Engineer: 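Would you mind keeping the following structure in view while I ask a few things?
Values below: every heavy atom of this structure, side chains too, minus hydrogens, waters and symmetry copies. Naming: A, B, ... by sequence-line order, numbering from 1 per chain. What you see is a predicted model; the values in this text were computed from it and never measured.
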2 protein chains.
Amino acid sequence: MGIQEIATVTGLSKSTVSRALRGMSSVADTTIDQVRRVADELGYVPSSAAAGLATGRQRAVGVVVPVIDRWFYVQALGGVDAELRRAGYDLVLYNLGGPGGDRDRAFRRSMLRHRVDALVLLSLVLDETERAELELTRHPMVVIGGPAPGLRNVGVDDVVVAAIAVDHLCGLGHREVAYVGGQDEAGMNVAVPWLRRDGFVDAMVAHGLAVREDWILDGRFSFAGGVDAGAALFATAPASRPTAVFCASDEMALGVMLAARRAGLSVPGDVSVLGIDGHEYGEVVGLTTVAQDPVAQGRTAARAVLAELDEGVAGPLPAAPAHLVVRSTTGVPRA
Amino acid sequence: MGIQEIATVTGLSKSTVSRALRGMSSVADTTIDQVRRVADELGYVPSSAAAGLATGRQRAVGVVVPVIDRWFYVQALGGVDAELRRAGYDLVLYNLGGPGGDRDRAFRRSMLRHRVDALVLLSLVLDETERAELELTRHPMVVIGGPAPGLRNVGVDDVVVAAIAVDHLCGLGHREVAYVGGQDEAGMNVAVPWLRRDGFVDAMVAHGLAVREDWILDGRFSFAGGVDAGAALFATAPASRPTAVFCASDEMALGVMLAARRAGLSVPGDVSVLGIDGHEYGEVVGLTTVAQDPVAQGRTAARAVLAELDEGVAGPLPAAPAHLVVRSTTGVPRA
DNA sequence: ATGAAAGCGCTAACAC
DNA sequence: GTGTTAGCGCTTTCAT
């Protein structure tokens, strides 16, 4: 059931069979046909391990995610996958499994096994040790979403994204805006939350606006977290309520919208709500957002590592676009 | 940078190093320590391809998904991943990429490369050819969610799930209930949508209730689809409106709820809405649902293939539980 | 407790 | 256009 069998049956040599199977041009067309036919009949299944051993290439790339069940990661993963499949590469998934998962083990044991030829990291900031461990393998690496000291990265500029959002709100006349974001997810070391918050603060300051500490809330980057944050925000007297809430993700924004409704507030009549992402749900409910395209980012990242693999080039990566999509959750502040 | 280097440095033989690295008991503890230390210093990285070639085991299992960006698949994938990681296995993801993806290619080229030791299929019904191709590899296989002729499967009984939902609605006094489901997703050959619809129809009939053709809608198993279906349902005169809507997924139910709100209908005052899944969002908005646990199903499936791999046993799989979670979107029909 | 030697199934020079 | 010959980096008898 190996290449050898085919060789015996066809009376050819192993090498010729190997070449034929890969459709190399130095093999006669008739030979290729014959080999393929026999391989089919025999139910031949190639061994990637053998090929990998011989070539040093596994034709697989690893994708490392902090957790799997977040909209952004799923979308990006899809993008990486699409490009990989096009190139005939397999995708091996390394899920750090969030706070509970054993990050160390994932980084040491599995990934370093030469099972993949390259790595795409999602929103991960590596510490010194991890970087060192990974460099050991000398694999091409790129990270999506979040700056990566020492590594190439594709993603939007989170500070700019926050500024776009704040500019929009201020342009409408808002001066009292709250921010719902998230903290670093226990040990996951994700930079994005901090960057967006910093971008928010900077942009507010640039507009000469005050940033109230109690209007910077943790929405845990989830829908439920958004609801909680919104509830806290809207529980106060109307006078001490922000006129707009900027959320670091659409999922949280959706939660804030629900909280507003529960508090009897109209959006954007009583309060404007704005998110980041371009989530499908947001489109349906008319959420204004700063949209990005994680699928495209995934594709870009995959293409980048593939190019580095094939051509050895590690050129600069194109910037990922983000643009304001004004829908119906933002408007001028109530008088 | 291989096992050989370590052997040379330590003055041991390749075999001993190999054994030491794997912590085999026949090796002296001091030797193990020494070998591990040297391996560390040398920055040794094991080659899974070589080990795989020698043992015939890749220590990896493949997970095949029709599309990646659905709540259920992501959750199940997470469950499979968790169990695999516990066992020290890697997970290679085969995304068929939905209608646009090249299903054939995924099934032939990549998967059959002996890159994985076993397969977990998500909600996929294979056709004859595919089954034959996969059987070729003689890998343990189990499918999650959806019956699989000839294969072991873990998942809820979709017909029963639908019955639970209908029973709840009828128990409240509803007699006019609509169904929002989905069709087979273009070429993905997923059985679940049909089973739930059949279950709905059967249960209705069992309750002596009429099933109106125009109250069986396609919600595309998505939030947006649910909104559309709901809009269609609620656009009619109050008299010809169902008093309850049963959705084959929480995501669609969420959409129907939004449509109800847009139509000025109160839930459950004017119309009851009920879903299937146990989606996080549903919990937040108080959606009544028939909950299942895809993460647990993923774990079960992973454990099953792992057991078959390790012990050669392919015993029966435990049934996946589903239970009614009554929240606030279902109530007695309006008089 | 350790070593020697034979492979695992393929690819890649290098001949012809 | 095809065959020969070496490996790729491990694991695994079988010895010792």
Side-chain angles (χ1 to χ4, degrees), chain A residues 1-36 38-39 42-60 88 90 109-110 112-117 136-138, chain B residues 1-36 38-39 42-60 88 90 109-110 112-117 136-138:
Chain A
M1 38 112 101
I3 213 185
Q4 180 63 270
E5 309 263 282
I6 305 180
T8 319
V9 172
T10 56
L12 290 163
S13 71
K14 264 170 46 178
S15 354
T16 303
V17 171
S18 171
R19 293 178 189 119
L21 253 11
R22 283 173 295 160
M24 294 179 60
S25 57
S26 63
V27 183
D29 287 2
T30 57
T31 309
I32 294 193
D33 289 352
Q34 185 201 11
V35 168
R36 292 228 168 111
V38 174
L42 262 39
Y44 167 74
V45 176
S47 156
S48 61
L53 225 209
T55 59
R57 299 300 213 77
Q58 310 306 133
R59 289 198 77 80
D90 281 338
R109 282 252 172 297
S110 320
L112 302 173
R113 282 203 200 166
H114 280 170
R115 172 154 302 184
V116 297
D117 302 322
L136 229 55
T137 66
R138 309 211 124 288
Chain B
M1 38 109 105
I3 212 184
Q4 180 63 272
E5 309 263 280
I6 305 179
T8 318
V9 172
T10 56
L12 292 162
S13 71
K14 265 170 44 178
S15 353
T16 303
V17 172
S18 171
R19 293 181 188 115
L21 253 12
R22 283 173 297 158
M24 294 178 61
S25 58
S26 62
V27 183
D29 287 2
T30 58
T31 309
I32 294 193
D33 289 352
Q34 185 200 12
V35 168
R36 292 230 168 112
V38 173
L42 262 39
Y44 168 74
V45 175
S47 156
S48 61
L53 225 210
T55 58
R57 299 300 213 78
Q58 310 307 133
R59 290 196 78 79
D90 280 338
R109 281 250 173 296
S110 320
L112 303 172
R113 283 204 199 163
H114 279 170
R115 175 156 300 191
V116 297
D117 302 322
L136 228 55
T137 65
R138 309 210 124 289

Engineer: If each of B:Val17 and A:Ala54 is mapped to the nucleotide of DNA chain C with the nearest heavy atom, which maps nearer the 5' terminus, i.e. the 5' end?
Structural biologist: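 Closest to the 5' end, via its nearest nucleotide, is B:Val17.
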Engineer: For A:Ser15 and for B:Leu21, find the nucleotide of DNA chain D with the closest heavy atom, then tell me which residue's nucleotide is more 5'.
Structural biologist: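 The answer here is A:Ser15.
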Engineer: Could you tell me how far apart B:Gln34 (CD) and C:dA1 (P) are, to the nearest whole angstrom?
Structural biologist: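 Going from CD in B:Gln34 over to P in C:dA1 covers 15 Å.
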Engineer: Where each residue is assigned the nucleotide of DNA chain C containing its nearest heavy atom, which of B:Leu53 and B:Thr16 is assigned the position nearer the 5′ end?
Structural biologist: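 It is B:Thr16 whose nearest nucleotide is closer to the 5' end.
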Engineer: Quick one: does B:Arg59's side chain have a donor or acceptor within less than 3.5 Å of a partner on B:Ser48's backbone?
Structural biologist: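 No, the answer is negative, given that no donor and acceptor are paired below the 3.5 Å cut-off.
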Engineer: Taking it one step at a time, do B:Arg36 and B:Asp33 satisfy side-chain contact (heavy atoms from CB on, under 4.5 Å)?
Structural biologist: CA-CA 5 Å; B:Arg36 292 230 168 112; B:Asp33 289 352; 5.6 Å; no
Engineer: Answer yes or no: is there a side-chain heavy-atom contact under 4.5 Å between B:Leu21 and B:Ile6?
Structural biologist: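 Contact flag for B:Leu21/B:Ile6 side chains = yes.
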Engineer: Can you find a side chain N or O atom of B:Thr31 that sits less than 4.0 Å from OP1 or OP2 on C:dT2?
Structural biologist: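 Indeed, a polar side-chain atom of B:Thr31 lies that close.
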Engineer: Strictly below 4.0 Å: does A:Arg22 bring a side-chain N or O up to OP1 or OP2 of C:dT11?
Structural biologist: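 Yes.
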Engineer: Measure from the side-chain heavy atoms of A:Arg19 and tell me the nearest of D:dC10, C:dT2, C:dA13.
Structural biologist: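 Nearest listed nucleotide: C:dA13.
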Engineer: Just checking B:Ser26: base, sugar-phosphate only, or nothing, at a heavy-atom cut-off of under 4.0 Å?
Structural biologist: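 Base contact.
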Engineer: Would one find a side-chain N or O of B:Ser13 under 4.0 angstrom from OP1 or OP2 of C:dT2?
Structural biologist: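 So the side-chain polar atoms of B:Ser13 never come under 4.0 Å of the phosphate oxygens OP1 or OP2 of C:dT2.
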Engineer: Looking at every strand, decide which applies to A:Thr55 at a 4.0 Å heavy-atom threshold: base, sugar-phosphate, or nothing.
Structural biologist: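 Contact class for A:Thr55: sugar-phosphate only.
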Engineer: Given atom NZ of B:Lys14 and atom P of C:dG7, what is their separation to the nearest angstrom?
Structural biologist: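 Nearest whole value for this atom pair: 14 Å.
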Engineer: Take the protein atom CD1 of A:Ile6 and the nucleotide atom P of C:dC10, then report the distance between them rounded to whole Å.
Structural biologist: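 Those two atoms, CD1 and P, are 8 Å apart.
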Engineer: Does A:Ser18 make a side-chain N or O approach to OP1 or OP2 of C:dG9 shorter than 4.0 Å?
Structural biologist: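 For A:Ser18, the contact criterion (side-chain N or O under 4.0 Å from OP1 or OP2 of C:dG9) is not met.
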